[in-house]
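Predicted model, so just to flag it, every value in this text is computed and none were measured.
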Amino acid sequence: MKKKQWLEQMSLVDEKYIEEADPLKKRGTQRKLWIRFGMLAACLALVMSAGGVWLLLGRESPPTPIPPEPSPYADSEYYEVIRRIDAWVVEASKQNDKNSSNKVDENGSSSLNSYVEVTDNQVAGVIEGDIMKRTEKYIFFLGYDCLKVCNIDGENTQWIGSYLFKNYSKESALEFYLSQDGKTVTVIFSKYATDISPSYTIVRALDVSDPTNIREKAVVTIDGFYKTSRMVDGTLLLFTNYGLYGKTINYNDPETFVPMIQTNEKKELIAGEDIVTTDTALQGQYTVVALLSEDSLALEGSHAFLAYSGDIYISPEMFCLSGSYRGEHQERMTEIVGVNYQDRLEVQGKVHLAGTIKNRYSMDIYQGILRVVTTTNVVDQGKTSASLYCVDLNTWKVISAVDNFAPLGESVQSARFDKGYAYVCTALTKELIDPVFFFDLSDPKKITYKDTGDIPGYSTSLTDFHNGNLLGIGLGDRNDILKIELFKEGEKTVESICSYEQKKTRFSSEYKDYYIDRERQLIGLGVMEWSDEIMVYYILFHFDGTQLTPMMKVPIGEPFRCRAVYIDEYVYILSNSELLVQPLEIPN
Amino acid sequence: MDDQKIIELYWQRSEDAIEKTQKKYGRYCYAIAYRVLYIHEDAEECVNDTYLRAWQAMPPQKPTHLRAFLGKITRNLALNRYEYIRAEKRAEIVHTIGEEFWECVPSEETSIEDELVLRELINGFLSSLTQDQRVVFVQRYFYLCPIKEIAKDRGMTENHVKVMLLRLRERFRAYWEKEGRTI
């Protein structure tokens, strides 16, 4: 059965459920409210005009009252006219809704200010922190010592507000989140260990409903340095790494070996029943997980995982922690634990895989299958390769594997899963040569794959791009060459469409530092180039389907902590010290 | 007019049946068709075809919920028409929702020919959900509503709706596999 035919089968839904979900029912109620409002407004207007004083002067007219359904008038000779008028009135009421929401409220800020995603999240709906977020009206940027806000107004854009962090000399501001209503910013700081104090992570919730008057509203402190976080449906999942190295451990005093969380109300140890240990790995490190409400930072749950200190993958329902250890023959192994966090934190299962995980992009959950790419030791060869595993999350058993698919000596440099497919770039890092492998995982039990063959350089980041193509950003055949390449899936191989190389260039290998705009086919990043002199600039490319063309090179102060976004024919480039706005016309 | 009386008119083969149906449910059916086709004239034609199909279906049928019964007919007609007209950007939403719903299907080989089995599967799943979850699911995959519209209707953020749908698709797929419906 084809995909569309499956959708047609939804007609088998029981009629009581169809009625229950009828979206028009609510609109009927809203229409009645509008009618009442319209009548009230009309009455008020009548009273005012009768008194000779029009108090509504200077305000907008009330919306056109919506007449009743036209269907009772089917007999009328004007029925067709009535239907067209009805359609017009309904459209006009929608426009009125829009205009009302544009009104400035008593705080002087417009209510039309909804969140617009700028971060290229690994998993849809699982929001990642970043140093730039935006709404329809404002861009928020996290500097080293403050949060800054600018309006979005083309050449008239300027900073309109900022919030200085009190302890910026001791605490590093790492990334933040912006709530869907654009009114709360959640900033994450890390305080690293010194001789006299351990590492801890601080979370601050700021009220930004008025960007010119930002105020702190809540703060939470969690033991351990910051690892990662996600915002899912108004809940912040925060992961820290709490180490026991160098601590004097006293088993009579759990505070010496158990992590703690401090909220506005209290400071508490993570309960023993909420600590999970590995089957195998032995390490003096915990991954601490805290679930915090976005609005108030109320603690909704916490756990600690002893010796799971590797990379983390988070889906809308579950997160997977990894921990590495040595196997029987001293080969590298990884243990992964899956934890459901929907209602309460609950371990679902564990699996042991050969090899080590490169980063979070090496794991993915799709249709109940955990897919993992690892760099493996080929023990009898004394060299590395790469393997891909599919784990059934009902049983936590490996149901299929492609062992050692990469040429001997190569290791995983980047991976990207996209529903039923995966791309993996491996490389001989000493020689800077790589193939890109394309895996068809649509049937996890019958995995097939193909590759590009050897290509100079390798990609440190892979992502899907426009029209099903794959974008790789990484190194050329020397580690001072920036290489950006686009691939497509060919019949038997993965084919390169085009590439761009720039010599004597340094750039960030952190994926979030890249601007990826699939709709407009733009790619941007900050770079440092040295020839006769050192030049630091933001470079923006456009892909027209066949080639990559640099559209813009804008000098900036620092290449690695900056962000860019294209909005309404302007490119906005922000860094700690700069706000640059450039017009850009994108070719058709 | 009461639904039962309208159904009686169909059984009596009275031409008033169509007129009464049009008066009471014309807008409802139009909204369903327009959400798929986004072209006024084509949506209108689907609605007119709905009345014809209803005339052909009753008798022998006597639906308990006339509104939903008509809604299903319109939906099917609109989806079939969509295949032909392929209005570009407008049709994308149906394609997008189709792709989403495909994630619920356990495997490409899954095929259920017995309508009764599939009906039981779908409605068994829906009955296991909370009302909020069920309404969001049905609005998306039966009514083909955009995320924005569902969010507004339910008083949720768009992100909340997206996450909820993602989780529900996973749940539906797991439910499907557990019930062993793969044939």
Side-chain angles (χ1 to χ4, degrees), chain A residues 1-28 69-75 83 86-87 114-115 117 123-127 179-181 231-234 315-318 342 365-368 393-394 419-420 442-445, chain B residues 19 22-24 26-28 31 63-65 67-69 71-72 75-76 79 83 94-95 97-99 101-108 110-112 115 118-119 122-123 126 131 134-139 141-145 149-150 153 157-160 162-164 166-167 170 173-174 177:
Chain A
M1 216 186 270
K2 292 180 185 174
K3 292 180 188 181
K4 192 190 77 68
Q5 288 171 312
W6 280 114
L7 189 62
E8 284 171 2
Q9 300 308 317
M10 277 296 288
S11 292
L12 297 171
V13 171
D14 265 351
E15 284 155 11
K16 63 184 180 201
Y17 296 143
I18 294 171
E19 297 241 348
E20 178 190 49
D22 181 1
L24 282 189
K25 271 187 191 166
K26 288 256 176 168
R27 284 181 200 158
E69 278 253 352
S71 46
Y73 307 99
D75 287 337
R83 281 183 60 240
D86 183 66
S114 49
Y115 180 89
E117 189 60 81
V123 178
V126 181
I127 311 299
S179 62
Q180 293 290 306
D181 62 9
M231 191 71 77
V232 181
D233 211 14
S315 79
E317 298 163 319
M318 179 188 292
Q342 275 187 283
I365 291 175
Y366 181 65
Q367 293 193 336
L393 292 180
N394 288 320
K419 295 186 179 157
S442 47
D443 182 352
K445 294 180 185 170
Chain B
E19 186 201 332
Q22 186 183 15
K23 277 183 185 174
K24 193 167 182 183
R27 171 177 290 282
Y28 170 74
T64 322
H65 302 273
R67 184 186 179 95
F69 174 78
K72 283 189 190 182
R75 184 181 185 273
N76 285 339
L79 283 174
E83 277 294 303
V94 177
H95 175 74
I97 297 175
E99 288 289 321
F101 193 72
W102 180 245
E103 291 175 19
C104 301
V105 179
S107 73
E108 285 213 30
T110 302
S111 176
I112 299 178
E115 199 175 271
L118 193 52
R119 183 192 300 276
I122 291 170
N123 292 295
L126 292 175
Q131 189 189 29
R134 189 166 50 238
V135 167
V136 167
F137 195 85
V138 173
Q139 284 192 346
Y141 299 117
F142 178 83
Y143 284 106
L144 306 175
C145 293
E149 202 177 299
I150 300 172
D153 183 62
T157 64
E158 288 183 37
N159 197 52
H160 188 174
K162 280 183 199 169
V163 172
M164 185 183 279
L166 211 138
R167 288 172 176 172
E170 275 290 309
R173 192 201 46 72
E177 284 181 348

Could you check V138(B) against E20(A) for side chain to side chain contact (heavy atoms under 4.5 Å, CB included), going step by step and ending with a plain yes or no?
CA-CA 9 Å; V138(B) 173; E20(A) 178 190 49; over 6 Å; no

Closest non-hydrogen atom pair between [X] and [Y], with its separation:
| X | Y | value |
| --- | --- | --- |
| F142(B) | S11(A) | CE1-CA, 4.0 Å |
| V163(B) | G125(A) | CG2-O, 3.5 Å |
| E19(A) | A68(B) | OE2-N, 3.6 Å |
| P23(A) | E149(B) | CB-OE2, 4.4 Å |

Given heavy-atom pairs under 4.5 angstrom as the criterion, report whether the side chain, backbone, both or neither of [X] touches chain B.
| X | result |
| --- | --- |
| K419(A) | side chain |
| D181(A) | neither |
| Y366(A) | both |
| Q180(A) | side chain |

Using side-chain contact (heavy atoms from CB on, under 4.5 Å) as the criterion, list what pairs up with E317(A), not counting sequence neighbours.
S315(A), Q342(A), R167(B), E170(B)

With sequence neighbours excluded, residues passing side-chain contact (heavy atoms from CB on, under 4.5 Å) with N123(B):
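Residues passing side-chain contact (heavy atoms from CB on, under 4.5 Å) with N123(B): V13(A), D14(A), Y17(A), R119(B), L126(B).
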
Is it the side chain or the backbone of Y28(B) that comes within 4.5 Å of chain A heavy atoms, both, or neither?
both

Could you measure the distance from the CD1 atom of I97(B) to the CE atom of M10(A)? Nearest 0.5 Å is fine.
10.5 Å

Counting heavy-atom pairs under 4.5 Å to chain B, which of I127(A), V232(A), L12(A) comes out on top?
L12(A)

For chain A, which candidate among I122(B), V136(B), T64(B) shows the most heavy-atom pairs at distances under 4.5 Å?
I122(B)

F69(B) versus I18(A): any side-chain heavy-atom pair under 4.5 Å?
no

